[in-house]
Colleague: 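Got a structure for you, questions after.
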Amino acid sequence: MSDQRKPFPFADFESKWQQHWDEHKTFHTPNPGDEDFDASKPKYFILDMFPYPSGAGLHVGHPEGYTATDILGRYKKMNGHNVLHPMGWDAFGLPAEQYAIKTGQHPRITTEQNIDNFRRQLKSLGFGYDWDREVNTTDPNYVRWTQWIFLQLYNSYFNEETQKAAPISELEAQGWSREQIDDVRLAFIHEAPVNWSPSMGTVLANEEIEEWKAKGETVERRPLRQWMLRITKYADRLINELDPLDWPESIKLLQKNWIGKSTGAEVHFDIEAHQVTVFTTRPDTLFGATYMVLAPEHPLVQEITTSAQKEAVDNYIASCASKSDLERGDLNKDKSGVSTGATATNPVNGEQIPVWIADYVMMSYGTGAIMAVPAHDERDFEFANKFELPVTQVVEPNKGSDWQGFTGNGVAVNSGFLDGMKTKDAKKAIIQWLRDNNKGTFKVNFKLRDWLFSRQRYWGEPFPILWENGNHQAVPESELPVLQPEMDDFKPTGSPEGPLAKATDWINYSESSKRETNTMPQWAGSCWYYMRYCDPRNTDRFISKEAEEYWSGTSDASSATGMVDLYVGGTEHAVLHLLYARFWHKVLHDLGHVSTIEPFQKLVNQGLILGEDGAKMSKSLGNVVNPDDVVSEYGADALRLYEMFMGPLEQVKPWQMKGVEGVSRFLAKVWRLAFEQNQEGEWVLSSKLSHQEAASDHEGAQTEKELLKVLHETIKKVGEDIERLSFNTAISQMMICTNTFGKAEKLPVSLMPDLLKCLNPFAPHITEEINSRLPIAAANTMLCNQDWPTYNEAYLIEDEVEIVVQVNGKLRGKITVAKDAAKDEIEALAQKDENVIQHTEGKTIRKIIVVPGRLVNIVAN
RNA sequence: GCCGCCAUGGCGGAAUUGGUAGACGCGACGGAUUUAAAAUCCGUUGAAUGGUAACAUUCGUGCCGGUUCGAUUCCGGCUGGCGGUACCA
């Protein structure tokens with residue numbers, strides 16, 4: 001018995017079609033070399049950010065981007081493209097491991113259960129994915145190639161001359177020693193202060209700290225030996241090669257700011273027998289450097305501190321070390337510091353200036369030491385005022401503002417040979433002087449740090465690395481993948497070795513060599529998954545040459561710099577995933593493994609969906625909407641359509657359950673264009689769908705003309721709107737068309753297929769169902785396998801157009817004229833309008849502006 | 001603090017190149033159908049003023065100013081909200 005409350009029987013046919021697509025592999029995408037591959041079709045590679053399959057299941061935010069890409073993918077397919085639109089799982093990650101620690105259940109089991117649930121949910125929404133290309137970052141066949149890519153990094157260095165990665169074998173051929181080579185590898189071992197989380201027993205990347213802190217985990221600084229990736233070598237290219245990408249400017253800017261390029265100079269200061277180098281963006285203010293500050297962690301502090309100041313310095317360093325990052329940064333902007341008692345020599349004028357230590361200077365940026373120019377730097381100014389240090393003006397502002405704390409450009413004063421020079425020229429002059437006198441040089445600095453790549457966890461890719469006599473070496477490629485050993489105890493050891501160290505059999509690779517026990521971060525798998533989609537079952541390579549070239553589009557004439565045509569996902573990955581993936585892609589490009597220099601040509605960020613109360617959806621607020629509930633209540637088509645109708649894809653917007661009802665009502669109207677319920681409650685073909693093609697009388701011909709007009713307007717607008725991802729306005733147009741069709745006494749059945757084709761990418765189930773039941777020849781062919789309709793310009797043109805008449809810019813009347821009416825004719829007609837006459841009476845007409853087909857504006861006074 | 005984005009009816013939003021502001025949907029109100037309800041269909045719906053009415057006039061896209069025959073759209077100056085980032089030398 002069907003539920004009478006449902007306005008159309010979606011429950012009866014949605015799962016039926018989903019099963020049909022699954023069984024017939026309707027959305028299978030052929031690769032070069034496949035039987036059904038058609039080389040004449042252009043490729044379209046469309047990518048969703050693959051989800052982490054959490055235990056909570058799909059969130060309504062997921063189908064937002066996924067529906068958008070599905071619409072575009074189905075549309076491109078109907079337009080004759082070979083569409084690659086795959087899905088997969090970013091399945092390594094801490095939640096599964098934390099759950100394993102709590103319950104003892106292996107993370108692989110939890111992960112598989114969660115994936116099954118996610119896959120079921122996605123299939124219930126009818127997405128046209130090629131499920132044969134599903135990838136899973138935890139799959140041994142995937143891990144194998146993640147590790148292989150790591151070894152490419154490990155076996156490469158950055159050639160400064162070519163600005164490209166190159167194999168270390170080049171250096172071996174030149175006779176470099178092992179130590180020298182280890183110092184330049186793109187994947188290298190580094191002992192440095194890292195972000196250690198005692199609560200999780202692992203280190204974190206700089207980029208991850210805030211996220212985990214917000215979740216209540218603790219993070220502290222601790223010196224540790226870690227694997228790092230030399231992303232800083234690519235800093236310039238990561239900035240410059242953003243230019244040709246079709247990304248939101250705001251995301252490009254976010255990446256540029258994150259990389260944080262600043263140009264300036266290194267200046268060497270002598271402190272008795274020692275030399276300290278500082279970085280400054282304002283070398284032109286060197287004459288105004290009245291003191292110097294070292295970071296408390298600076299290695300030279302102990303050596304230069306005078307005995308009189310030793311106790312004060314030690315106390316200060318101890319107090320800094322005990323402070324959390326939060327206390328040192330956010331909460332406490334008050335300057336603090338202590339003198340070392342030492343003095344440095346200002347290289348440009350020989351002045352003896354005091355050397356202080358203060359925590360406003362960071363060891364992690366620049367050289368960990370600064371020259372303080374209090375007159376022209378806010379922080380130095382504040383510090384100098386607090387500790388009564390001298391302030392000397394060396395820049396004269398251009399526009400009479402106060403020089404104290406002035407940080408802008410101006411003219412150099414009190415600066416010897418620089419006096420009178422503009423800031424820009426003074427910078428050049430002083431750098432030349434520093435070079436000539438061996439006191440410094442031009443220098444570019446970046447905020448970007450090398451990428452801390454090792455984690456002390458179980459549920460991640462082990463490093464394919466062996467240790468012997470304190471030296472590391474790669475596991476032979478033939479032995480990949482290196483999988484985690486089976487273990488019952490996943491608890492972190494609390495030591496830098498991580499839980500794998502507990503697997504004593506596993507770590508002993510041979511009598512003399514042991515395995516690396518660290519694992520890779522979750523980013524590793526997500527850095528290259530889009531490539532694996534192109535050739536997911538390849539066992540010989542991470543991607544075949546043919547597949548790589550075809551899906552990169554380098555085989556055709558287009559000069560795309562990015563492999564993926566469109567990437568849709570959340571803005572939260574603006575600097576992490578999107579930067580890391582670009583870095584890996586460039587390395588693989590440099591080594592000749594991929595043909596494009598960038599992974600993602602066009603990027604679109606979907607906006608967050610808020611709860612009905614306008615707040616971010618969260619369990620604690622109880623405003624979370626579960627897609628499963630919406631599907632069972634209104635159907636998958638209604639959910640898809642609603643998420644697209646809410647507003648622009650990129651915009652943040654609140655959920656409204658009433659809105660779902662609205663689009664559901666629209667789908668019901670479309671359904672009732674074709675069917676009506678008989679006495680028995682069965683849906684039978686609507687009596688208004690007349691079979692006669694030509695209208696018999698004049699009135700009928702007139703309405704048929706109107707119906708054709710709205711239909712072809714819809715074909716035009718929906719196609720254009722899909723191309724520019726403006727789905728809400730496309731839906732609005734289809735609603736107009738449906739309303740017009742619904743009002744017609746008789747509806748030629750021949751008009752239905754084009755409307756259904758337009759709606760098909762948005763609401764694939766209901767449209768296929770209606771189509772399959774229509775008494776037409778094409779009922780046997782699925783809409784998604786048919787061609788996208790073309791509109792006929794002739795149906796759109798009206799014989800007469802309405803033109804607005806304004807007097808002095810204010811709307812005063814409307815006239816109807818022939819579409820090709822002459823300008824004079826329009827002007828004359830406009831001036832005959834009664835209301836227009838009233839408003840121009842007693843005035844002189846100065847000018848008449850005619851915008852053809854739109855308006856007439858009479859200027860009179 | 002700095003950088004970026006945004007601001008339109010009761011609500012979500014539309015206006016694509018400077019040319020009729022408020023498409024489409026929700027909600028609300030009135031009506032048809034119904035014993036009644038649900039569902040469905042029809043009509044009205046930015047505000048104010050005048051008119052029995054058709055209609056007309058004025059105001060109106062966060063605020064102030066500018067450019068223009070004409071500004072939601074362009075420019076300058078604010079205000080509020082959201083996001084990023086934060087002693088980066």
Side-chain angles (χ1 to χ4, degrees), chain A residues 4-7 210 248-254 256-258 260-262 264 278-282 285 293 328-330 332-335 358-362 364-373 377-380 382-383 407 445-448 571-572 574-575 605 607-608 614 642 645-648 650-663 665-666 668-669 672 677 717 720-721 724 726 728-736 739 742-743 802-814 835 838-839 846-851 853-861:
Chain A
Q4 290 296 323
R5 292 179 63 88
K6 306 285 190 224
E210 286 312 314
E249 283 306 314
S250 59
I251 300 291
K252 288 188 183 183
L253 201 66
L254 231 44
K256 283 179 192 168
N257 289 344
W258 188 266
K261 181 177 184 171
S262 33
V278 304
F279 172 72
T280 176
T281 55
R282 291 297 299 270
T285 62
V293 187
R328 193 167 160 175
D330 290 359
N332 188 7
K333 298 256 180 185
D334 271 358
K335 296 287 178 289
D359 66 2
Y360 83 90
V361 174
M362 308 287 143
S364 55
Y365 183 77
T367 61
I370 62 155
M371 63 178 216
V373 185
D377 182 281
E378 278 175 39
R379 296 150 298 173
D380 297 346
E382 193 191 330
F383 191 83
T407 58
N445 231 313
F446 295 94
K447 274 201 270 186
L448 184 70
T571 183
E572 68 271 19
V575 283
N605 290 121
L608 199 64
Y642 172 64
F645 189 58
M646 291 174 84
E650 295 93 332
Q651 196 166 301
V652 178
K653 42 210 178 278
W655 186 272
Q656 290 184 325
M657 212 44 108
K658 281 287 182 189
V660 185
E661 278 180 39
V663 296
R665 226 171 287 175
F666 160 65
K669 276 188 198 177
R672 288 196 312 268
Q677 259 174 320
K717 183 155 176 63
E720 287 169 356
D721 283 355
R724 57 190 188 102
S726 178
N728 54 334
T729 51
I731 294 166
S732 157
Q733 180 62 39
M734 290 187 282
M735 286 172 167
I736 292 170
N739 288 341
K743 280 174 187 166
E802 191 184 62
I803 285 186
V804 166
V805 184
Q806 295 180 340
V807 177
N808 294 329
K810 283 192 201 276
L811 177 65
R812 297 301 177 192
K814 290 171 186 178
N835 204 28
Q838 281 198 8
H839 284 273
R846 303 285 176 197
K847 199 158 114 188
I848 299 180
I849 293 149
V850 178
V851 182
R854 282 199 180 267
L855 60 69
V856 182
N857 189 12
I858 300 168
V859 185
N861 61 11

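Chain letters run A, B, ... following the sequence lines, proteins first and then strands; every chain starts at 1.
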Colleague: Using a cut-off of under 3.5 Å, enumerate the N/O to N/O pairs linking the protein to nucleotides 20-23 of chain B.
Modeller:
| residue | atom | partner | partner atom | Å |
| --- | --- | --- | --- | --- |
| rU20(B) | O2 | Lys814(A) | NZ | 3.3 |
| rA23(B) | N3 | Ser732(A) | OG | 3.4 |

Colleague: So for Lys335(A) and rC87(B), does any side-chain atom that can act as donor or acceptor lie under 3.5 Å from a complementary atom in the base?
Modeller: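 Answer is yes: a donor-acceptor pair is held.
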
Colleague: So, is Asn257(A) close to the rA86(B) phosphate, meaning a side-chain N or O under 4.0 Å from OP1 or OP2?
Modeller: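 Indeed not, no polar side-chain atom of Asn257(A) lies that close.
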
Colleague: Please give the nucleotide sitting opposite rU57(B) as a Watson-Crick or G-U wobble pair, both distances under 3.5 Å, or none.
Modeller: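 Its partner is rA48(B) (Watson-Crick or G-U wobble, both distances under 3.5 Å).
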
Colleague: Evaluate whether atom CZ of Arg854(A) has more than 12 neighbouring non-hydrogen atoms of other residues, nucleotides or ligands under 6.0 angstrom away.
Modeller: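 At most 12 heavy atoms, drawn from other residues, nucleotides or ligands, come within 6.0 Å of this atom.
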
Colleague: Nearest whole Å is fine: how far is rG12(B) C1' from Lys658(A) NZ?
Modeller: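 Interatomic distance, NZ of Lys658(A) to C1' of rG12(B): 14 Å.
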
Colleague: Taking atom OG1 of Thr407(A) and atom CG of Asp380(A), what is their separation to the nearest 0.5 Å?
Modeller: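 Here the rounded value is 11.0 Å.
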
Colleague: Tell which nucleotide pairs with rG80(B), taking only Watson-Crick or G-U wobble pairs whose two distances are both under 3.5 angstrom.
Modeller: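 Base-paired to rC6(B).
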
Colleague: Heavy atoms under 4.0 Å, any strand shown: does Gly659(A) hit a base, just sugar-phosphate, or nothing?
Modeller: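 Contact class for Gly659(A): none.
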
Colleague: NA contact type, Ile370(A), heavy-atom cut-off 4.0 Å: base, sugar-phosphate, or nothing?
Modeller: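 The residue Ile370(A) makes base contact.
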
Colleague: How close or far is atom P of rC11(B) from atom OH of Tyr642(A), stated in whole angstroms?
Modeller: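 Rounding to the nearest Å, OH of Tyr642(A) and P of rC11(B) are 15 Å apart.
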
Colleague: Is rG30(B) in the syn range, within 90° of 0, or in the anti range?
Modeller: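 Anti, since the glycosidic angle lies more than 90° from 0.
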
Colleague: With a 4.0 Å cut-off on heavy atoms, is Ser262(A) in touch with a base, just the backbone sugar-phosphate, or nothing at all?
Modeller: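 The answer is sugar-phosphate, as Ser262(A) gets under 4.0 Å only of primed atoms, P, OP1 or OP2.
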
Colleague: With both distances kept under 3.5 Å, what pairs with rU67(B), Watson-Crick or G-U wobble?
Modeller: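 Answer to the pairing question: none, since rU67(B) forms no Watson-Crick or G-U pair.
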
Colleague: Check the phosphate of rC24(B) against Lys669(A), side-chain N and O only, distance under 4.0 Å to OP1 or OP2. Yes or no?
Modeller: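 For Lys669(A), the contact criterion (side-chain N or O under 4.0 Å from OP1 or OP2 of rC24(B)) is not met.
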
Colleague: Could you check how far CD of Gln656(A) sits from P of rG10(B), rounded to whole Å?
Modeller: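 One finds 15 Å between P of rG10(B) and CD of Gln656(A), rounded.
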
Colleague: C1' atom, rC5(B) versus rA89(B): distance in rounded Å?
Modeller: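 It works out to 29 Å between them.
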
Colleague: Determine the interatomic distance between P on rG25(B) and the same-named atom on rU79(B); round to the nearest Å.
Modeller: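 Here rG25(B) and rU79(B) have their P atoms 40 Å from each other.
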
Colleague: Looking at Glu720(A) and Lys717(A), does any basic side-chain N land under 4.0 Å from a carboxylate oxygen?
Modeller: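 No salt bridge links Glu720(A) with Lys717(A).
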
Colleague: For Ile731(A) and rA14(B), what is the distance between atoms CD1 and C1' respectively, to the nearest whole Å?
Modeller: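 So the two atoms are 13 Å apart, to the nearest Å.
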
Colleague: So which nucleotide does rA36(B) pair with, by the Watson-Crick or G-U wobble rule with both distances under 3.5 Å?
Modeller: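 Pair assignment: rA36(B) / none.
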
Colleague: Minimum heavy-atom separation for Ala730(A) to Asp721(A), with atom names?
Modeller: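 Result for this residue pair: N-OD2, 3.2 Å.
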
Colleague: When the distance from CG of Asn808(A) to P of rU58(B) is rounded to whole Å, what number comes out?
Modeller: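 Atom-to-atom, Asn808(A) to rU58(B), this comes out as 11 Å.
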
Colleague: If I pick the C1' atom on rU72(B) and the same atom on rA7(B), what distance separates them, to the nearest angstrom?
Modeller: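 The answer is 11 Å between these two C1' atoms.
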
Colleague: Between rC87(B) and rC82(B), how many Å separate the two P atoms, rounded to a whole number?
Modeller: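 About 23 Å, rounded to a whole number of Å.
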
Colleague: Name the nucleic acid region contacted by Val652(A), choosing base, sugar-phosphate or nothing; use a 4.0 angstrom heavy-atom cut-off, strictly under.
Modeller: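 Here Val652(A) touches the backbone only, sparing every base.
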
Colleague: Using atom P of each nucleotide, how far apart are rG27(B) and rA86(B) to the nearest Å?
Modeller: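 Result for the P pair: 45 Å, nearest Å.
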
Colleague: Need the pair for rU16(B). Rule: Watson-Crick or G-U wobble, both distances under 3.5 Å, any strand; none if unpaired.
Modeller: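 Matched rU16(B) with nothing under the 3.5 Å cut-off.
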
Colleague: What's the verdict on side chain to side chain contact (heavy atoms under 4.5 Å, CB included) for Val805(A) and Arg812(A), showing C-alpha distance, side-chain angles and the deciding distance?
Modeller: CA-CA 6 Å; Val805(A) 184; Arg812(A) 297 301 177 192; 5.5 Å; no

Colleague: Between His839(A) and rA56(B), is there a contact of a side-chain N or O with OP1 or OP2 at under 4.0 Å?
Modeller: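 For rA56(B), OP1/OP2 do not have a side-chain N/O of His839(A) under 4.0 Å.
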
Colleague: Going through the checks in order, is the side chain to side chain contact (heavy atoms under 4.5 Å, CB included) test met by Thr285(A) and Met371(A)?
Modeller: CA-CA 10 Å; Thr285(A) 62; Met371(A) 63 178 216; 3.7 Å; yes

Colleague: With respect to the phosphate group of rC26(B), does any side-chain polar atom (N or O) of Arg665(A) fall under 4.0 Å of OP1 or OP2?
Modeller: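 For rC26(B), OP1/OP2 do have a side-chain N/O of Arg665(A) under 4.0 Å.
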
Colleague: Evaluate the ring planes of Phe383(A) and Tyr360(A), with Trp represented by its six-membered ring, and classify them as parallel (under 30°), tilted (30 to 60°) or perpendicular (over 60°).
Modeller: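 Phe383(A) and Tyr360(A): tilted rings.
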
Colleague: Expressed in whole Å, how much space separates the P atoms belonging to rG18(B) and rC29(B)?
Modeller: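 Each nucleotide's P atom is 42 Å from the other's.
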
Colleague: Mapping Pro648(A) and Lys743(A) to their closest nucleotides on RNA chain B, which lands nearer the 5' end?
Modeller: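 It is Pro648(A), whose closest nucleotide lies nearer the 5' terminus.
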
Colleague: Given that both distances must come in under 3.5 Å, which nucleotide forms a Watson-Crick or G-U wobble pair with rA89(B)?
Modeller: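 Check on rA89(B): unpaired, no WC or wobble geometry under 3.5 Å.
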
Colleague: For rG30(B) and rG81(B), measure between their C1' atoms and round to the nearest Å.
Modeller: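 That atom pair is separated by 38 Å.
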
Colleague: Using a 4.0 Å heavy-atom cut-off, does Lys256(A) contact any base of the nucleic acid, only the sugar-phosphate backbone, or nothing at all?
Modeller: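 No contact at all - Lys256(A) keeps every heavy atom at 4.0 Å or more from the nucleic acid.
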
Colleague: Atom CD1 of Ile251(A) to atom P of rU85(B): distance rounded to whole Å?
Modeller: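 Rounded to whole Å, this separation is 11 Å.
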
Colleague: For Arg812(A) and rU58(B), what is the distance between atoms CZ and P respectively, to the nearest whole Å?
Modeller: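 The distance from CZ of Arg812(A) to P of rU58(B) comes to 5 Å, rounded to the nearest Å.
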
Colleague: Which part of the nucleic acid does Lys717(A) contact within heavy-atom distance under 4.0 Å: base, sugar-phosphate only, or nothing?
Modeller: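 Touches a base.
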
Colleague: Tell me what Asn445(A) touches on the nucleic acid: a base, only sugar-phosphate, or nothing, going by heavy atoms under 4.0 Å.
Modeller: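 Result for Asn445(A) = nothing.
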
Colleague: Short question: side chain of Tyr642(A), backbone of Gln656(A) - any donor-acceptor pair under 3.5 Å?
Modeller: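 Here the side-chain-to-backbone pair exists.
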
Colleague: Within a radius of less than 6.0 Å around CD of Glu378(A), do more than 12 heavy atoms belonging to other residues, nucleotides or ligands occur?
Modeller: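 Result for CD/Glu378(A): open.
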
Colleague: NA contact type, Asp380(A), heavy-atom cut-off 4.0 Å: base, sugar-phosphate, or nothing?
Modeller: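 Nothing: the residue Asp380(A), judged by heavy atoms under 4.0 Å, touches no strand.
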
Colleague: Of all the heavy-atom pairs spanning Val278(A) and Thr367(A), show the shortest one and how long it is.
Modeller: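 Closest approach of Val278(A) to Thr367(A): CA-OG1, 3.4 Å.
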
Colleague: Taking the same atom, P, in rG22(B) and in rG9(B), what whole-Å distance lies between them?
Modeller: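 It works out to 14 Å between them.
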
Colleague: Regarding Arg724(A), tell me which of base, sugar-phosphate or nothing describes its non-hydrogen contacts under 4.0 Å with the strands shown.
Modeller: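 Arg724(A): base contact, heavy atoms under 4.0 Å.
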
Colleague: Can you see if the side chain of Asn739(A) gets near the phosphate of rG25(B) - specifically, an N or O under 4.0 Å from OP1 or OP2?
Modeller: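 Checking rG25(B) against Asn739(A), a side-chain N or O does come within under 4.0 Å of OP1 or OP2.
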
Colleague: Search all heavy atoms of Ser262(A) against all heavy atoms of Thr281(A) and return the closest pair with its distance.
Modeller: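 Between these two residues, the closest heavy atoms are CB-CG2, 3.9 Å.
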
Colleague: Starting at the 5' end of RNA chain B and moving along, which residue's nearest nucleotide shows up first, Met646(A) or Ala668(A)?
Modeller: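 Its nucleotide being nearer the 5' end, the pick is Met646(A).
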
Colleague: Now, which nucleotide makes the Watson-Crick or G-U wobble pair with rC29(B), with each of the two distances under 3.5 Å?
Modeller: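 Base partner found: rG43(B).
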
Colleague: Mind calculating the distance between CD (Gln677(A)) and C1' (rU40(B)) to the nearest angstrom?
Modeller: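 Gln677(A) atom CD is separated from rU40(B) atom C1' by 11 Å.
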
Colleague: Can you identify which nucleotide, out of rG19(B), rC24(B), rA89(B), has its nearest atom closest to the Asn857(A) side chain?
Modeller: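 The answer is rG19(B), which lies nearest to the side chain.
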
Colleague: From rG13(B), rC24(B), rU40(B), pick the nucleotide closest to the side chain of Arg672(A)?
Modeller: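 From the listed options, rU40(B) comes nearest.
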
